[in-house]
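This report concerns only the one structure given below.
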Amino acid sequence: LDVKIKLLKHENCTLENWDRLKLYHGTREILCRAVPLEIEKMKPLDEGFVQLRLEEKIICKKLDPFVIRTYSPMDTIGGGLIIDVSNQKHSINKDTEKIIEELKIKESGDPIEILEVFLKKNSNVYPKIEQMMTYTGMSRSMVLELIEELTKKEKVVKLNNNIIHIEYFEFLKSKLIKILSKFHSENTLKLGMPKQEAGLKVDSSFKTKDIESLIELLVSDRSVKLIDNLLSLKNFTVNMSDEEVKLKNEFSKKLLSMGYMDICTINELSDNDRKKKSVIESMIGTEIEILDEEYIISKVLYDSAKEKMIEFINKNHTMTLGEFRDMINSSRKISMLILESFDKKKITKRVENKRVLY
């Protein structure tokens, strides 16, 4: 417990680090150790913040009063108010000044400052509204109002269904930027890192929607850019040698010449050559589209098929696989791969055996 204690006037009313005490809270008597946070030794009539390390669990709330007595002989030496239930052990060190400032805010009772302090300390565990209610002692509606106010003041950010402090958001952003910087330095020809992989490197607990929310926020503040599924730093560009440019042009022509009647994988197009494979991977999102995580198609052909499909559905309301296949003059397999890619990108959606625009 982080508490504010005032000692009595008597001569023997002192308090030093690790003194064993008896805490009286309500009808409970609990043994604990004292850790003064402002001075090494508190003297009679001193008042200050102290952390009590309890030997038993306790049910309490903010600003509950208590009395403390020495362990032996058992003398009453002071009392005070509970300021916070802490999950971190405090002591006098380089962080003490910051801890004291936080405790002063909690003691003052300003609801918005109390909630902000809580989010500063706990954003890394993505606290739920119920935890904020328990900590602040406020109703759900009151907590939601304070979150709205903190959002307007740009003190907190909504990450999917989580509310995190702006400082923790900046930490996540800097972590992602470091991850992408390292990726670019090691993969100079790749347009970017798969967004799911990047997100999980930032925080392995992230779900897909958390990753999408984080990336959306960072794209909007121009920290990163997203091309298809690939994430890169905002100013990153692929720089190729003359030989690599020549290879890229050859691959573009090859894929375009295949039309809709033939399809291949990256390994097939590169003949499993590492250098050629790097060039092909650098084209993904600009000259190449990936279908079903394996097959690739010319982006020119892909975009052309997409435009024809949208025009057809706008006119006829729906489209079957057979109609799409006939329209682009392709095989059933390739047509299915392209349509499933449209579904994945939320351009279309499947309703029974037909496609409609998403």
Side-chain angles (χ1 to χ4, degrees), residues 1-6 17 23 25 32-39 42 47-54 57-66 79-175 202-203 205 210 213-214 217:
L1 301 178
D2 292 332
V3 301
K4 183 75 170 285
I5 286 179
K6 183 165 184 178
N17 188 57
L23 170 74
H25 172 264
C32 62
R33 296 282 184 178
V35 181
L37 299 176
E38 296 184 81
I39 50 177
M42 295 177 67
E47 186 174 17
F49 292 109
V50 176
Q51 184 167 79
L52 300 178
R53 310 271 179 87
L54 276 58
K57 290 184 178 181
I58 186 175
I59 296 173
C60 62
K61 63 181 185 297
K62 185 177 180 291
L63 300 184
D64 274 358
F66 63 87
L81 298 174
I82 293 171
I83 306 300
D84 189 18
V85 178
S86 179
N87 58 4
Q88 295 177 328
K89 292 180 179 180
H90 304 322
S91 59
I92 297 179
N93 56 35
K94 61 183 177 62
D95 297 320
T96 305
E97 190 175 331
K98 184 179 177 183
I99 292 164
I100 296 301
E101 285 304 309
E102 289 178 356
L103 291 174
K104 285 179 180 177
I105 289 170
K106 293 170 190 172
E107 183 188 20
S108 73
D110 185 329
I112 195 165
E113 289 188 337
I114 291 170
L115 181 57
E116 186 185 353
V117 165
F118 173 78
L119 289 170
K120 265 187 183 181
K121 289 174 65 177
N122 296 282
S123 285
N124 63 317
V125 295
Y126 309 103
K128 305 300 180 190
I129 296 293
E130 289 74 17
Q131 291 169 283
M132 299 179 209
M133 291 165 60
T134 300
Y135 181 83
T136 61
M138 292 181 278
S139 66
R140 176 180 289 272
S141 60
M142 181 65 174
V143 169
L144 291 174
E145 281 180 25
L146 293 178
I147 288 171
E148 186 68 28
E149 195 171 337
L150 287 169
T151 303
K152 287 177 182 175
K153 292 181 176 180
E154 298 184 347
K155 297 286 189 178
V156 300
V157 171
K158 185 175 183 183
L159 182 67
N160 190 18
N161 292 322
N162 301 305
I163 304 298
I164 60 172
H165 195 269
I166 189 66
E167 288 183 6
Y168 190 68
F169 171 71
E170 292 295 332
F171 163 75
L172 293 177
K173 178 166 77 171
S174 66
K175 190 173 180 181
V202 171
D203 191 324
S205 72
D210 298 325
S213 180
L214 176 64
L217 289 167

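Numbering starts at 1 and runs along the sequence shown.
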What pair of heavy atoms forms the shortest contact from [X] to [Y], and how long is it?
| X | Y | result |
| --- | --- | --- |
| Leu214 | Phe169 | CD1-CE1, 4.0 Å |
| Ile82 | His25 | CD1-CD2, 3.9 Å |
| Ile5 | Met42 | O-CE, 3.9 Å |
| His165 | Ser123 | N-OG, 2.8 Å |
| Asp95 | Asn93 | N-OD1, 2.8 Å |
| Leu81 | Pro65 | CD2-CA, 3.8 Å |

| field | salt bridge (Lys or Arg N to Asp or Glu O under 4.0 Å) partner of Asp84, the single match among Lys4, Lys104, Lys62, Lys106 | value | Lys106

| request: Can you sort out the partners of Ser205 under side chain to side chain donor-acceptor pair (under 3.5 Å), two or more places apart, ordered by chain and number? | output: Asp203

| field | side chain to side chain donor-acceptor pair (under 3.5 Å) involving Arg53 - partner list, sequence neighbours excluded | value | Gln51

| Thinking salt bridges, do Glu101 and Lys98 make one under a 4.0 Å N-O criterion? |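 Looking at Glu101 and Lys98, the cut-off is not met.
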
Measure from the side-chain N and O atoms of [X] to the backbone N and O of [Y], and report whether any donor-acceptor pair falls under 3.5 Å.
| X | Y | answer |
| --- | --- | --- |
| Gln131 | Lys128 | yes |
| Thr96 | Glu38 | no |
| Asp64 | Cys60 | no |

Distance (rounded to the nearest 0.5 Å) between [X] [atom1] and [Y] [atom2]:
| X | Y | atom1 | atom2 | value |
| --- | --- | --- | --- | --- |
| Leu115 | Ile105 | CG | CD1 | 12.0 Å |
| Ile164 | Leu172 | CD1 | CG | 5.0 Å |
| Phe171 | Ile166 | CZ | CD1 | 14.0 Å |
| Ser139 | Ile129 | OG | CD1 | 11.0 Å |

Do [X] and [Y] have side chains that get closer than 4.5 Å, going by heavy atoms?
| X | Y | answer |
| --- | --- | --- |
| Phe49 | Val3 | no |
| Val50 | Leu37 | no |
| Ile114 | Ile112 | no |
| Arg140 | Glu130 | yes |
| Leu52 | Leu23 | yes |

| query | Could you go step by step and tell me if Val143 and Thr136 meet the side chain to side chain contact (heavy atoms under 4.5 Å, CB included) rule? | reply | CA-CA 8 Å; Val143 169; Thr136 61; 3.9 Å; yes

Determine all donor-acceptor pairs shorter than 3.5 Å in which one atom belongs to a side chain in residues 146-163; sequence neighbours excluded.
unit_1: Thr151; atom_1: OG1; unit_2: Ile147; atom_2: O; d: 2.7
unit_1: Asn160; atom_1: ND2; unit_2: Asp210; atom_2: OD1; d: 2.9

| query | Would Glu113 and Val117 count as a side chain to side chain contact (heavy atoms under 4.5 Å, CB included) if you check the C-alpha gap in whole Å, the side-chain angles of each, and the deciding distance to 0.1 Å? | reply | CA-CA 6 Å; Glu113 289 188 337; Val117 165; 5.5 Å; no

| What do the steps show when you test Val35 against Ile92 for side chain to side chain contact (heavy atoms under 4.5 Å, CB included), and what is the final call? | CA-CA 8 Å; Val35 181; Ile92 297 179; over 6 Å; no

| message | What verdict does the side chain to side chain contact (heavy atoms under 4.5 Å, CB included) test give for Lys121 and Glu102, after you've listed the backbone C-alpha separation in whole Å, the side-chain angles of each residue and the deciding distance to 0.1 Å? | response | CA-CA 10 Å; Lys121 289 174 65 177; Glu102 289 178 356; 3.4 Å; yes

| Does Glu47 CD have over 12 foreign heavy atoms under 6.0 Å away? | yes

